[in-house]
Number of protein chains: 2
Amino acid sequence: MLHPDAEQIELSLVLAALSDPTRLSIIRQLAEDGEAMCRRLDFGSKSNLSYHFAKLREAGVTRTRIEGTARHISLRREDLDARFPGLLDSVIKAAASYPRLTTEADVTDGA
Amino acid sequence: MLHPDAEQIELSLVLAALSDPTRLSIIRQLAEDGEAMCRRLDFGSKSNLSYHFAKLREAGVTRTRIEGTARHISLRREDLDARFPGLLDSVIKAAASYPRLTTEADVTDGA
DNA sequence: TCAATAGTTCATCAAATTTTGAACTTTAAG
DNA sequence: CTTAAAGTTCAAAATTTGATGAACTATTGA
């Protein structure tokens with residue numbers, strides 16, 4: 001479970017991580033909800049979601065916290081703001097036009 | 001020679017266009033010099049440079065002005081600022097760490 | 001202990017990206 | 001008209017990316 005140091009975060013990797021529509025949907029969800037768990041997202045296959053989360057994490061865009069068997073994913077806002085001021089905010093605003101990946105669970109239970 | 005309208009510019013295409021190190025070098029050069037001509041850039045092959053310029057142009061990041069046989073490339077700063085406020089500025093600042101693609105010509109003649 | 005849950009890792013495959021060189025188009029110059 | 005210069009376009013090769021299912025690891029609960 002690798003997270004790059006804040007200083008090692010590389011622009012081209014961050015932009016590549018953010019350039020995929022699926023991952024922009026994830027970013028939107030994280031920006032709105034604060035933290036996401038894999039199982040709460042509607043997604044084709046577990047392994048593909050795992051792949052996208054790894055892309056974001058390895059680029060330094062997200063941090064993954066492990067709690068039991070669950071992974072809690074959040075944006076590395078401060079690290080990104082320090083390294084690339086303004087970048088994440090502008091992307092988050094623009095990502096509002098991408099669809100959410102919300103599960104029924106989110107709608108029906110109160111979490 | 002297609003340029004998307006300002007309103008049609010798509011975030012994921014812009015981020016994909018900006019996510020390549022070669023193109024970040026081009027962006028840096030354009031931000032510093034205002035306009036670039038293909039022949040002024042040190043580059044492996046003409047066709048590959050043409051390809052990278054097309055990527056930037058088709059994503060809406062640059063505008064290409066034709067003058068005789070030469071192409072003059074410039075950033076679409078206003079269009080991008082209107083559509084994704086702050087995005088281009090933050091990328092330009094961060095792109096300063098990518099190498100220039102300067103030719104000898106730029107150094108020796110005064111253009 | 002046994003089974004279920006949550007997610008990772010691996011192999012594979014399809015699709016998209018990047019690079020190269022050759023052929024082509026257009027403009028300018030002699 | 002002929003030639004050269006500046007780029008574009010096309011086709012082929014190399015690389016990378018993204019998707020899928022099966023096998024695997026680790027934690028939780030009965």
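Chain letters run A, B, ... following the sequence lines, proteins first, then strands; residues in each count from 1. Hydrogens, waters and symmetry mates are skipped; everything else that's a heavy atom, side chains included, is used.
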Could you go through residues 53-63 of chain B and list every donor-acceptor pair under 3.5 Å that involves a side-chain atom there, pairing it with any protein atom two or more places apart or in another chain?
unit_1, atom_1, unit_2, atom_2, d
B:Arg57, NH1, B:Leu2, O, 3.2
B:Thr62, OG1, B:Arg57, N, 3.3
B:Arg63, NH2, B:Asp79, OD2, 3.2

Q) Between atom NE2 in A:His72 and atom P in C:dA6, what is the gap in whole Å? A) 11 Å
For nucleotides 15-18 of chain D, list the nitrogen or oxygen atoms of the protein found under 3.5 Å from its nitrogen or oxygen atoms, one pair per line.
unit_1, atom_1, unit_2, atom_2, d
D:dG18, OP1, A:Arg23, NH2, 3.3
D:dG18, OP2, A:Arg23, NH1, 3.4
D:dG18, OP2, A:Tyr51, OH, 2.6

Q) Under a 4.0 Å N-O cut-off, is there an ion pair linking B:Glu67 with B:Arg65? A) yes
Q) Rounded to whole angstroms, how far apart are CD1 on A:Ile66 and C1' on D:dT25? A) 12 Å
Q | Distance, rounded to the nearest Å, where B:Met1 contributes CE and D:dG7 contributes P | A | 10 Å
Q.
Of the options C:dT5, C:dG7, D:dA6, whose atoms approach the side-chain atoms of B:Thr69 most closely?
A. D:dA6
Q) Expressed in angstrom and rounded to an integer, what is the separation of B:Leu13 atom CG from C:dT17 atom C1'? A) 13 Å
Q: Could you tell me whether the side chain of A:Tyr98 and the main chain of B:Ser12 form a donor-acceptor pair under 3.5 Å?
A: yes
Q.
Any side-chain to backbone donor/acceptor pair from A:Ser19 onto A:Ala16? Under 3.5 Å, distance only.
A. yes
Q) Who pairs with B:Glu32 by salt bridge (Lys or Arg N to Asp or Glu O under 4.0 Å), at least two apart in sequence or on another chain? A) B:Arg28, B:Arg100
Q | Distance, rounded to the nearest Å, where B:Phe43 contributes CZ and D:dT8 contributes P | A | 13 Å
**Q.** Interatomic distance where CZ belongs to A:Arg71 and C1' belongs to D:dT27 [whole Å]
**A.** 10 Å
Q) Which nucleotide, C:dT9, C:dT8, D:dT8, lies nearest any side-chain atom of A:Ser47? A) C:dT9
Q) Atom CG of B:Leu49 to atom C1' of C:dT17: distance rounded to whole Å? A) 17 Å
Q) How long is the line joining CD of A:Glu67 and C1' of D:dA26, in whole Å? A) 15 Å
**Q.** Pairwise side-chain contact, A:Phe43 with A:His52, heavy-atom cut-off 4.5 Å (strictly under)
**A.** yes
**Q.** First of A:Gly44 and B:Arg57 reached from the 5' end of DNA chain D, by closest nucleotide
**A.** B:Arg57
Q) Any sub-3.5 Å donor-acceptor pair from B:Asp20's side-chain atoms to B:Arg23's backbone N or O? A) yes
